[in-house]
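To start, the structure under review is shown below, and the notes come after it.
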Amino acid sequence: MVQLFLPFIIFVSLFEMFLAMKEIRMVDLKSQYQKIKTAVDSSIAEVIENTEFINGSQVKNFQQNLENYLGVKHVIPCGNGTDALQIALMSLGLKAGDEVITSDFTFIATLEVIALLGLKPVIADVDPHTFNISVESLKKAVTPKTKAIIPVHLFGQCADMDAIMTIARKHSIAVVEDCAQAMGATYTYNGKPAHAGTIGDLGCTSFFPSKNLGCYGDGGAIMTNNDELAKMCRSIANHGMKVRYYHDHVGVNSRLDTIQAAVLNVKLQYLDEYNKSRQEAAAFYDTAFSSSDKLCVPSRNSQSTHIFHQYTLVLRGIDREALRTHLQHKGIPAMIYYPVPLHLQNAYKDLGYKEGDFPVTEQLCKSVISLPMHTELDTEQLEYITKSVLEFLS
Ligand SMILES: *Cc1c(COP(=O)(O)O)cnc(C)c1O
């Protein structure tokens with residue numbers, strides 16, 4: 001009897017839960033803002049009162065605050081994460097045709113800036129467990145023309161920096177870390193924990209609102225311990241000048257807006273707490289899903305913390321679209337990061353890659369799904385989400 005009614009009971013209880021619950025979003029910036037509203041509002045108001053819109057004191061403050069937080073010598077704020085990558089690559093003084101290696105399974109920005117600068121993008125496959133650049137594939141991609149590697153710390157966990165730095169140092173290759181998804185993550189490098197973005201020659205990040213450290217518009221930064229590279233990046237970001245109206249390099253115009261710096265000065269104080277909330281939500285998901293043989297929960301690189309920019313499952317023998325539709329009907333958003341490997345993107349056909357070149361990424365693009373992940377998920381929401389996923393599997 002109970003057997004017969006069980007599906008119905010589950011259905012009713014899930015439905016009741018849904019009615020009482022706060023709306024589930026992939027990222028809930030609104031609830032987060034409500035908790036820090038007074039501080040953010042007054043920080044923004046200060047910028048407006050002082051009409052310090054461009055390179056105001058909050059930008060300088062944020063630069064120092066972030067340098068202190070990361071334990072890095074130089075932070076160079078800029079307009080967004082893609083600019084950060086472009087400026088960092090420009091600072092290395094590479095020539096047309098020099099090769100730059102990056103990961104196949106990521107957002108387009110890394111590949112895009114390599115191509116825009118007339119450099120040759122070279123793609124490497126990823127590790128099936130951590131989703132970060134595969135050291136084996138990276139080794140195969142290195143040639144005498146390789147001048148830089150851009151590892152991406154995907155979804156909040158650092159790439160295998162020990163191995164990457166060893167390869168890079170051996171061949172005199174620069175390393176530009178893309179830590180847009182891993183601000184606050186640490187990696188044990190040479191026996192000591194170092195923040196993502198401070199291990200390679202340069203680190204690049206984005207303050208896009210949904211990132212772990214996000215502002216309320218666009219923003220980005222470059223970090224480095226190298227004084228010369230810091231000077232170059234600062235100059236390039238400012239039209240290639242050090243002295244006003246004397247231009248030493250071809251540069252760009254890329255600034256962190258003072259209002260965004262004002263938001264970041266507040267949010268940086270909460271970054272560790274925010275990352276901890278994400279880790280707690282991830283632990284909840286892990287516990288609920290790890291016994292299922294159809295769901296592969298995110299694995300951890302033992303040298304890196306994972307700060308869960310995304311919580312991404314790999315599905316085994318499950319119809320992904322059907323699961324997504326099922327969740328959608330329950331008011332639960334889910335996203336596919338990323339549906340197409342970089343080597344198969346239309347815009348980059350000229351690179352000459354084809355289907356089958358990077359099988360791990362190709363398989364991941366077909367089988368990953370990311371669940372809601374942010375700082376404001378409560379137990380009720382997490383229970384509802386996990387039950388709804390498991391209900392689909394049963
Ligand atoms: C968001 C992101 C970027 C680009 O940042 P923007 O600020 O949007 O330019 C670059 N790389 C990765 C891995 C990202 O997630």
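Just so we're clear, the structure is a prediction, and the values are computed from it rather than from any experiment. Below, each value reflects all heavy atoms present in this structure, side chains not excepted, and no hydrogens, waters or symmetry copies. First listed ligand is number 1; within each ligand, the first listed atom is number 1. Residues: numbered from 1 along the sequence shown.
When the options Val360, Val314, Thr361 are evaluated for a side-chain contact (heavy atoms from CB on, under 4.5 Å) with Phe131, the one that passes is Val314.
No side-chain N or O of Thr130 forms a donor-acceptor pair with one of Gln157 less than 3.5 Å apart. Side-chain contact check for Thr82 and Glu112: no donor-acceptor pair (N or O, by modelled atom type) lies under 3.5 Å. Side chains of Tyr69 and Asp272: a donor-acceptor N/O pair is present below 3.5 angstrom, by distance only.
If you number the atoms of ligand 1 from 1 as listed, the ones under 4.0 Å from a heavy atom of Ala109 come out as 10 (C). For ligand 1, the atoms sitting less than 4.0 Å from at least one non-hydrogen atom of Ala180 are 2 (C), 11 (N), 12 (C), 14 (C), 15 (O), numbered in the order shown with element in parentheses. In the vicinity of Phe107, heavy-atom distances shorter than 4.0 Å reach the ligand 1 atoms 2 (C), 3 (C), 4 (C), 10 (C). Interface atoms of ligand 1 facing Val152, defined by a heavy-atom separation under 4.0 Å, are 13 (C). Listed by number with element, the atoms of ligand 1 under 4.0 Å from a non-hydrogen atom of Asn80 are 7 (O), 9 (O).
A donor-acceptor pair under 3.5 Å is absent between the side-chain atoms of Glu362 and the main chain of Glu355, judged by distance alone.
Looking from atom 2 (C) of ligand 1 to the surrounding protein, the closest heavy atom is Lys211 NZ, 2.5 Å. What sits closest to atom 11 (N) of ligand 1 on the protein, heavy atoms only, is Asp178 OD2, 2.7 Å. Residue, atom and distance of the protein heavy atom nearest to atom 9 (O) of ligand 1 are Thr82 OG1, 2.5 Å.
Here Ser172 pairs with nothing under the side-chain contact (heavy atoms from CB on, under 4.5 Å) rule; sequence neighbours left out.
The distance criterion of under 3.5 Å between nitrogen or oxygen atoms is met by Gln181 with respect to ligand 1. For Gly81, a nitrogen or oxygen atom sits less than 3.5 Å from a nitrogen or oxygen atom of ligand 1, counting backbone and side chain alike.
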Can I get a per-line list of side-chain donor-acceptor pairs under 3.5 Å for residues 209-221, giving both atom names and the distance, sequence neighbours left out?
from, atom 1, to, atom 2, distance (Å)
Asn212, OD1, His309, ND1, 3.0
Asn212, ND2, Asn275, OD1, 2.9
Asn212, ND2, Ile307, O, 3.0

